[in-house]
Amino acid sequence: MSRTDEQGDVPTAGAGSLGHRVPDLGALELLLAVARLGSLGGAARELGITQPAASSRIRSMERQLGVALVDRSPRGSRLTDAGALVTDWARRVVEAAEAFDVGAQALRDRRDSRLRVAASMTIAEYLLPGWLLALRAQRPDTAVSLHAGNSTVVAERLLSDEADLGFVEGLSVPTGLDSVVIAHDRLIVVTAPGHPWARRRRPLAAGELASTPLILREKGSGTRQVLDTALGGLARPLIELSSTTAVKAAAVSGAGPSVLSELAVGEELAMRRLVSVPVEGVALARDLRAVWPTGHRPTGPARDLLSLTRG
């Protein structure tokens with residue numbers, strides 16, 4: 001509760017917060033307009049408010065400051081001596097607020113001029129290109145950089161402020177990040193048409209898949225995390241490669257079977273360069289997630305890209 005002076009109508013200096021003692025910018029702008037135009041009605045029209053609303057705002061400001069600011073008469077409105085002094089202060093406050101607004105807009109413009117994205121390989125190669133084209137249509141002046149790596153690398157870049165938004169494919173969210181599910185994916189076992197598995201009539205069992213050397217992504221990738229979890233950590237690498245494209249090329253060449261995202265092999269399956277091998281008793285579904293540092297919800301271009309991925 002604010003304290004008052006002996007007359008009980010003037011707020012004591014230091015009572016309450018500054019926000020309670022100083023009129024808001026709208027009221028100060030109204031006072032400046034009255035001073036410039038010599039008319040409360042004219043000031044109201046300039047600011048797009050009704051004259052009763054303007055009168056009410058002036059009276060509220062007078063009560064807040066404890067002094068009369070405007071003398072009203074049939075010939076118009078003029079400032080009191082106190083009003084003239086307050087108007088001079090108000091002008092400096094409004095000018096400072098305008099400078100503040102210009103600076104804040106410059107910060108937004110700098111933020112919006114670039115977008116740094118880090119994404120796991122499957123998302124980077126097969127989903128992000130379409131999303132980034134859509135973002136380009138919305139924000140043609142935003143420069144976008146994309147760093148593709150495994151889920152561990154994505155987390156590292158976000159936490160070191162080297163990326164504004166990330167995308168990962170694993171079963172869990174890296175420590176220090178918040179997330180939202182943007183899509184779902186399924187891993188499938190694939191092999192070249194000449195491999196014996198391509199002619200199987202019965203699904204592979206989990207044990208057979210676990211005991212067979214496979215062409216795999218490296219540890220730390222979302223794909224490898226899902227497979228290792230599904231097989232209880234028993235996946236055996238024939239070759240470990242650092243990109244989905246490299247794994248797929250090795251499988252197409254006949255080097256051995258692999259486990260890849262369904263998103264990544266659609267064309268190869270349609271062209272019969274790879275064959276999907278059914279598996280039973282193995283959970284190979286996963287969520288695809290957008291991620292960002294905990295407590296720092298995406299803003300600007302990052303927020304717009306996130307909206308596009310969820311659309």
Side-chain angles (χ1 to χ4, degrees), residues 1-116 138-143 161 164 178 292-304 306-307:
M1 181 179 297
S2 63
R3 295 174 288 124
T4 59
D5 68 1
E6 294 176 355
Q7 286 73 41
D9 59 357
V10 181
T12 302
S17 69
L18 189 62
H20 289 97
R21 303 195 308 273
V22 176
D24 62 45
L25 284 173
L28 297 180
E29 287 178 318
L30 174 61
L31 184 63
L32 291 174
V34 171
R36 186 173 65 256
L37 300 173
S39 165
L40 188 61
R45 285 190 297 274
E46 181 174 272
L47 296 179
I49 60 177
T50 66
Q51 185 164 339
S55 295
S56 176
R57 185 170 289 183
I58 291 292
R59 286 194 299 270
S60 177
M61 183 162 45
E62 289 174 331
R63 287 193 301 271
Q64 183 179 21
L65 295 177
V67 295
L69 301 173
V70 178
D71 282 334
R72 304 159 185 83
S73 73
R75 295 188 300 276
S77 301
R78 69 176 186 84
L79 299 179
T80 65
D81 290 343
L85 185 58
V86 170
T87 298
D88 186 48
W89 298 337
R91 186 173 292 108
R92 282 178 270 172
V93 172
V94 170
E95 288 173 352
E98 289 171 344
F100 182 96
D101 183 53
V102 169
Q105 183 60 52
L107 288 176
R108 290 191 293 270
D109 289 343
R110 186 171 69 181
R111 176 204 66 190
D112 293 352
S113 67
R114 67 171 188 177
L115 173 61
R116 302 166 300 166
Q138 289 186 7
R139 289 181 171 271
D141 296 328
T142 298
D161 194 30
D164 305 303
D178 287 339
W292 56 89
T294 298
H296 297 275
R297 186 79 182 180
T299 60
R303 178 196 58 220
D304 292 348
L306 179 59
S307 297

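Since this is a predicted model, take the numbers as computed values, not measurements. Along the sequence shown, residues are numbered consecutively beginning with 1.
Taking both residues in full, the closest heavy atoms of L79 and V70 are given as CD2-CG2, 4.1 Å, listed atom of the first, atom of the second, then distance. Residues P301 and R114 approach most closely at CG-O, 4.1 Å, considering heavy atoms. Across all non-hydrogen atoms, the minimal contact from Q64 to R21 is NE2-C, 3.6 Å.
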Side-chain donor-acceptor pairs under 3.5 Å in residues 51-60, sequence neighbours left out?
unit_1	atom_1	unit_2	atom_2	d
S55	OG	Q51	O	3.2

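Expressed to the nearest 0.5 Å, how far CD1 of I49 lies from CG of L30 amounts to 5.0 Å. Summarising the geometry, atom CG belonging to L306 is positioned 11.5 Å from atom OG1 belonging to T299; distances are rounded to the nearest 0.5 Å. In this structure, the separation between CG on D101 and CD on E98 is 8.0 Å, given to the nearest 0.5 Å. To the nearest 0.5 Å, atoms NE2 (H296) and CG (D164) are separated by 12.0 Å. Between the CG atom of L31 and the OG1 atom of T87 there is a distance of 3.5 Å, given to the nearest 0.5 Å.
Under the salt bridge (Lys or Arg N to Asp or Glu O under 4.0 Å) criterion, E62 pairs with R72, sequence neighbours left out. Here D178 pairs with nothing under the salt bridge (Lys or Arg N to Asp or Glu O under 4.0 Å) rule; sequence neighbours left out. For V67, the side-chain contact (heavy atoms from CB on, under 4.5 Å) partners two or more places apart in sequence, or in a different chain, are L65, L69, A82. Every side chain to side chain donor-acceptor pair (under 3.5 Å) that D161 has, sequence neighbours left out, goes to R116. In terms of the side chain to side chain donor-acceptor pair (under 3.5 Å) criterion, residue partners of D88 (sequence neighbours excluded) are, by chain and number, R92. Partners of D24 by side-chain contact (heavy atoms from CB on, under 4.5 Å), not counting sequence neighbours, listed by chain and number: A27.
Applying the salt bridge (charged side-chain N to carboxylate O under 4.0 Å, His left out) definition to pairs two or more places apart or across chains, those involving residues 31-53 are R36-E46.
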